[in-house]
2 protein chains.
Amino acid sequence: MSAEKTPTRGELRRQAMLDAASELFLEKGYERTSLSDIVCRSKGSRSTLYEQFGGKEGLLRAMIEQATAVTWQALNSNTFADLGSEEGLCALGICFVHAALAPQSVAVFRVLAAESERVPEVARLFFELGPRSSERILAERFANSALVRDGFASPEQLARVFLGSLLGVLHARRVLGLSVVLDEAEMESHVRVAVRVFLDGVGCCRA
Amino acid sequence: MSAEKTPTRGELRRQAMLDAASELFLEKGYERTSLSDIVCRSKGSRSTLYEQFGGKEGLLRAMIEQATAVTWQALNSNTFADLGSEEGLCALGICFVHAALAPQSVAVFRVLAAESERVPEVARLFFELGPRSSERILAERFANSALVRDGFASPEQLARVFLGSLLGVLHARRVLGLSVVLDEAEMESHVRVAVRVFLDGVGCCRA
DNA sequence: TCTATACTGTACGGTACGGTACAGTCAATT
DNA sequence: AATTGACTGTACCGTACCGTACAGTATAGA
């Protein structure tokens, strides 16, 4: 449908190496994954790796850029027309949590947590394409919305608070490797609670 | 005042090494910090390091356990009597954000993000003494509180949502090394917004 | 002061890894 | 089938690091 040609042999090898690197970085971390591991799993060769990526760090960048693009694609391509409504916020919320907790996303986050000093521009790219993008979308909508009370909080603050409440401490759990698997229903339930709290709070209109 | 004796020479050297390791792991990450770096900065010797910690991984454990205890001490020792009120929630919130965003805490998180597979019990310890502890305190209070509407959400869900909203995406920023320094006033403002949203929401009582 | 203990400083072994070189092999195109 | 370019497999170099050994030195207690 799109302009995709049948991939050349080189493109296939490249992708196989990216996939292998992605898996291994997830399993063992960046520093503890050796080039030989990657070459071995990708069934490619050392020489090709150097031709394609120029070295270990080049492979890291390529892997992160691809994983980021793939994982957050849905969020950035979606227009999210009705962000004022509960339903609209839930839709974005579910999308956001999916993206943030996806195994690939967690893998990238782990690697960047350890290596951000060394590849700061990749860390920035990940954040901009990922969480920051959602933050911007939300802040913009909030700014033109009746949701924001005058002088109460900036749209940016509200966006941060809302997105944080969606993740709760689930992201930290995942990154630390402590998480039980979160099934679809639990996740959706969590998002609904967060959205309700955000819109109506938990204590008002009650006493 | 307490049972602290004047520390022995050994205890002093041990602490100097822990401090040096803490700084270096923060600056360069665990894998990229060599024992020689630590020995050099601590002005100690290689032999002493092995006597005290048994190796690099022992040093890692000791450093994380100490940093965790120190950083989250205020939160776990505080009783937080009035968690039903806005003021009480703000007090806990500020304490929580301080603990979570403290440089030492971020350093530990970074290391554990990369190494959690290798020292899972340390990762669990960090989480239990840190975020999980706050989650428990809150959930318990919420359970005995008028805050929780019947059938709306479990106390645990609310605690997760609330703590997440306190952090927003600030923690991720810090861990990825992207954060501008957050001054005290901004932080407090953020916490106040989060607490207000949690209690009253942002859209209710309005239309 | 004398002695036992603990810390220092340095050197070394073994290993693992990143990166390079190069000869051999395979695949696509004509 | 021939040719050209791309991929493979392996061997190798330099380096860095963990962990150990050991001789020398400072410190605390009798």
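Quick note on labels: first sequence line is chain A, next is B, and so on, each numbered from 1.
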field: B/D19-B/Q15 side chain donor-acceptor pair, cut-off 3.5 Å
entry: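 Note: B/D19 and B/Q15 side chains meet the donor-acceptor criterion.
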N or O in side chain of B/S45 less than 4.0 angstrom from C/dT8 OP1/OP2: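 Affirmative; the distance criterion is met.
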A/R132 CZ: over 12 foreign heavy atoms closer than 6.0 Å: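 It does: A/R132 CZ has more than 12 such atoms within range.
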Who are the side-chain contact (heavy atoms from CB on, under 4.5 Å) partners of [X], not counting sequence neighbours?
X     : value
A/S85 : A/D82, A/E87
A/S34 : A/S36, A/D37
A/E65 : A/R61, A/L125

5′-ward residue of the pair A/Q52/A/V39 relative to DNA chain D: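 On the 5' side of the pair lies A/Q52.
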message: Just to verify, what does B/R9 make a side-chain hydrogen bond (donor to acceptor under 3.5 Å, both in side chains) with, not counting sequence neighbours?
response: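 Partners of B/R9 under the side-chain hydrogen bond (donor to acceptor under 3.5 Å, both in side chains) test: none.
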Salt bridge (Lys or Arg N to Asp or Glu O under 4.0 Å) partners of [X], counting only residues at least two apart:
X      : answer
A/R46  : none
B/E186 : none
B/R41  : B/E23, B/E27

- request: Can you run down the side-chain hydrogen bond (donor to acceptor under 3.5 Å, both in side chains) pairs that involve residues 157-172 of chain A, sequence neighbours left out, and say none if there aren't any?
  value: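 Output for this query lists A/Q157-B/S189.
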Given atom [atom1] of [X] and atom [atom2] of [N], what is their separation to the nearest angstrom?
X     : N      : atom1 : atom2 : answer
B/R46 : C/dC12 : CZ    : C1'   : 11 Å
B/Y50 : C/dT8  : OH    : P     : 16 Å
B/K43 : C/dT10 : NZ    : P     : 13 Å
A/E11 : C/dA28 : CD    : P     : 13 Å

query: Which nucleotide span of DNA chain D, 5' end to 3' end, has atoms closer than 4.0 Å to non-hydrogen atoms of chain B?
result: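 The contact span of chain B on DNA chain D goes from D/dC17 to D/dT27.
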task: Under 4.0 Å from any atom of DNA chain D, heavy atoms only: list the residues of residues 20-34 of chain B that qualify, in numerical order.
output: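 Residues of residues 20-34 of chain B that come under 4.0 Å of DNA chain D are, in numerical order, B/T33, B/S34.
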Identify every side-chain donor-acceptor pair in residues 101-118 of chain B under 3.5 Å, counting partners at least two apart or on other chains, and give the distances.
from: B/Q104; atom 1: NE2; to: B/S22; atom 2: OG; distance (Å): 3.3
from: B/S105; atom 1: OG; to: B/A99; atom 2: O; distance (Å): 3.1
from: B/R110; atom 1: NE; to: B/V175; atom 2: O; distance (Å): 3.0
from: B/R110; atom 1: NH1; to: A/E117; atom 2: OE2; distance (Å): 3.2
from: B/R110; atom 1: NH2; to: B/R174; atom 2: O; distance (Å): 3.1
from: B/R110; atom 1: NH2; to: B/V175; atom 2: O; distance (Å): 3.3
from: B/E115; atom 1: OE1; to: B/R118; atom 2: NE; distance (Å): 3.1
from: B/E115; atom 1: OE1; to: B/R118; atom 2: NH2; distance (Å): 2.9
from: B/S116; atom 1: OG; to: B/L112; atom 2: O; distance (Å): 3.4
from: B/E117; atom 1: OE2; to: A/R110; atom 2: NH1; distance (Å): 3.2
from: B/R118; atom 1: NH1; to: B/E57; atom 2: OE1; distance (Å): 3.3

message: Between A/S47 and B/T48, which residue's closest nucleotide on DNA chain C lies nearer the 5′ terminus?
response: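 Whichever sits nearer the 5' end wins; that is B/T48.
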For nucleotides 13-15 of chain C, tabulate all protein N/O to nucleotide N/O atom pairs closer than 3.5 Å, reporting atom names and distance.
none

